Undergrad: 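Before I ask anything, let me first share the structure, which is written out below as structure tokens.
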Protein chains: 2
Amino acid sequence: MPYDPSAFPAFAVTVDLVVLTVRRHALCALAVRRGEPPFQGRWALPGGFVRADEDLAQAAARELAEETGLRAHDPAVPAQDNGAHLEQLATYGDPKRDPRMRVVSVAHLALAPDLPAPRAGGDASNARWAPVEELLQPSGYGRDGEPVAPLAFDHAQILSDGVERARSKIEYSSLATAFCPTEFTVGELRRVYEAVWAVALDPRNFHRKVTGTPGFLVPTGGTTTRQGGRPAQLFRAGGATLLNPPMLRPEV
Amino acid sequence: MPYDPSAFPAFAVTVDLVVLTVRRHALCALAVRRGEPPFQGRWALPGGFVRADEDLAQAAARELAEETGLRAHDPAVPAQDNGAHLEQLATYGDPKRDPRMRVVSVAHLALAPDLPAPRAGGDASNARWAPVEELLQPSGYGRDGEPVAPLAFDHAQILSDGVERARSKIEYSSLATAFCPTEFTVGELRRVYEAVWAVALDPRNFHRKVTGTPGFLVPTGGTTTRQGGRPAQLFRAGGATLLNPPMLRPEV
DNA sequence: AGTGTTTATCGTCAGGCAGACGACTATGAT
DNA sequence: ATCATAGTCGTCTGCCTGACGATAAACACT
């Protein structure tokens with residue numbers, strides 16, 4: 001298999017981002033409006049070309065920062081604040097996925113706490129958080145009646161894969177805390193699970209499970225009543241990244 | 001983000017394969033000897049360029065067939081025989097991973113039953129099954145004293161990721177049957193788990209678990225004594241792809 | 001033929017964990 | 001004061017797992 005540089009076809013390589021957050025009890029993804037053809041005016045996942053001297057993870061972190069202002073968590077520094085979880089998702093390379101040229105896209109998955117407001121290069125009307133069910137419908141409309149689906153290119157497939165990855169990964173890892181602010185309550189964490197899985201969980205069993213798993217949550221000592229009702233203890237994410245035994249997703 | 005074709009750097013895109021099998025109670029991977037620089041004479045994972053009109057999965061299936069003669073399972077046809085499991089693993093794109101040029105490699109993971117003999121374009125001396133521990137050592141030597149490690153490029157990292165994927169995936173899926181021939185016994189399946197995880201499992205509890213999981217195994221009616229001892233029932237893989245609850249990997 | 005070895009298969013028992021759900025606590029709203 | 005809301009602690013029951021005893025059916029010896 002010779003590596004003669006003239007013997008292989010040239011590809012463009014991009015990174016596309018599935019950026020997920022939980023807003024108003026719903027799992028939402030970041031979508032940006034396309035400014036030029038093809039799919040001009042349609043919504044798509046944020047993304048862009050990988051630069052010549054850039055690693056794939058670097059490119060994804062750069063795009064994430066450009067679109068949301070979020071810094072990506074360095075996996076080597078688990079106790080870092082104010083950063084989003086970022087991981088490689090999958091790579092999409094159908095020869096016809098972009099009508100103009102051969103583009104291979106390395107999709108990444110980012111999980112972020114609820115953010116003040118989206119921005120896309122400072123232009124708010126060209127970026128939005130939309131519930132994933134809206135984005136994944138064959139033809140979806142947002143609350144303002146504007147069409148938000150289907151997404152451009154194969155981005156519906158990418159988003160679907162990203163959502164499925166997130167849904168399964170919070171089962172056996174502490175990743176759900178990436179959707180929470182630095183300090184959070186057990187109830188807030190439970191509402192994250194309920195939003196991502198779109199199910200209702202028993203508050204008592206959930207409390208027992210997460211507080212009984214060593215290393216998952218560490219109490220900060222403080223309390224809050226920001227959710228109403230009795231004051232709740234505040235926690236922050238512990239060092240444990242794997243949940244064993246896992247949190248079980250209820251059957252249907 | 002303009003898509004001007006001159007505005008992006010050109011990449012070469014390859015597929016690399018982690019082909020795993022179980023031989024002589026050990027998890028083995030397919031390695032091929034490099035015929036030209038860089039890393040000439042060293043062992044590497046099989047792989048090659050993605051062609052201009054080819055999907056990534058097609059390219060991986062083609063490389064797999066070229067190197068092993070195996071056809072890849074079509075995931076839409078679960079009851080297919082004589083095919084290997086093939087799935088995308090991850091993508092590696094460090095700018096310096098290939099010293100000559102910018103190469104992005106989409107690694108794939110293939111699981112195959114024990115095969116008669118490896119072949120690399122008909123040249124057996126340039127392909128071999130090697131235990132993954134040998135291939136992953138900082139400097140490993142095969143049973144014949146020939147150095148087999150370290151692998152070329154970043155292939156040790158890719159192999160390590162593939163092995164970890166296989167180890168975790170047989171926990172919660174029926175993927176371990178991909179290492180078995182069409183018909184197999186419970187004991188043979190158990191030896192697959194033991195080889196992949198490098199642990200010893202209790203035959204009685206394992207038998208209870210796999211025969212008690214609906215849809216995992218379907219008896220064919222036949223028996224065999226090819227492992228010695230009391231005749232064992234023959235099974236084939238059932239339709240179930242997910243194991244719930246999962247098979248638990250022992251601690252330690 | 002008998003004995004040992006190997007592998008397969010069935011059973012038993014105790015501990016751990018999850019689902020269902022009762023009870024109580026501490027806030028803010030009316 | 002009363003109610004609604006959310007949080008937290010317990011109890012009970014059933015399922016699953018790990019540890020391990022016992023039996024079954026083949027082959028290899030002697």
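Since this is a predicted model, take the numbers as computed values, not measurements. Letters A, B, ... mirror the listed sequences (proteins, then strands); counts begin at 1.
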Undergrad: Going by modelled atom types, is there a donor-acceptor pair between the base of D:dG21 and the side chain of B:Arg204 at under 3.5 Å?
TA: yes

Undergrad: Do B:Tyr92 and B:Asp16 pair up side chain to side chain, a donor and an acceptor below 3.5 Å, judged on atom types alone?
TA: no

Undergrad: What is the distance from CD of B:Glu251 to P of D:dT17, rounded to the nearest Å?
TA: 14 Å

Undergrad: Any salt bridge between B:Glu146 and B:Arg128, counting N to O under 4.0 Å?
TA: yes

Undergrad: Can you check the A:Asp202 CG to D:dT8 P distance for me, whole Å?
TA: 14 Å

Undergrad: Tell me: CZ of A:Phe235 to C1' of D:dG7, nearest whole Å?
TA: 11 Å

Undergrad: Taking for each residue the nucleotide of DNA chain C bearing the nearest heavy atom, is the 5' side occupied by A:Arg208 or by A:Arg230?
TA: A:Arg208

Undergrad: Find the distance B:Leu201:CG to D:dC20:C1' and express it as a whole number of Å.
TA: 16 Å

Undergrad: Is a side-chain donor-acceptor pair under 3.5 Å present for A:His85 with A:Glu87?
TA: yes

Undergrad: Between D:dC9 atom C1' and A:Asn205 atom CG, what is the distance in whole Å?
TA: 12 Å

Undergrad: Taking the six-membered ring for Trp and the full ring for Phe, Tyr or His, determine whether the centres of A:Phe184 and A:Phe235 are under 6.0 Å apart.
TA: no

Undergrad: Kindly say if B:Arg226 contacts the phosphate of D:dA26, meaning a side-chain N or O under 4.0 Å from OP1 or OP2.
TA: no

Undergrad: Within this structure, what is the NE2-CG distance for the pair A:His207 and A:Leu201, rounded to the nearest 0.5 Å?
TA: 14.0 Å

Undergrad: D:dG7 P sits how many Å from A:Gln233 CD, rounded?
TA: 12 Å

Undergrad: For D:dG7, take OP1 and OP2 only and decide whether either is under 4.0 Å from a side-chain N or O of A:His207.
TA: no

Undergrad: Taking 5' to 3' order, which nucleotide of DNA chain C is first and which is last to have an atom within less than 4.0 Å of a heavy atom in chain A?
TA: C:dA18 to C:dT27

Undergrad: Using whole Å, what does the distance between atom P of nucleotide D:dG18 and atom CG of A:Asn244 come to?
TA: 11 Å

Undergrad: Once rounded to the nearest 0.5 Å, what's the spacing between atom CG of A:Leu30 and atom CH2 of A:Trp43?
TA: 9.0 Å

Undergrad: Would you mind checking if B:Lys169 and B:Glu164 are paired as a salt bridge, meaning a charged N to carboxylate O distance below 4.0 Å?
TA: no

Undergrad: Which residue, B:Arg249 or A:Arg190, contacts DNA chain D at a nucleotide closer to its 5' end, judged by nearest heavy atom?
TA: A:Arg190

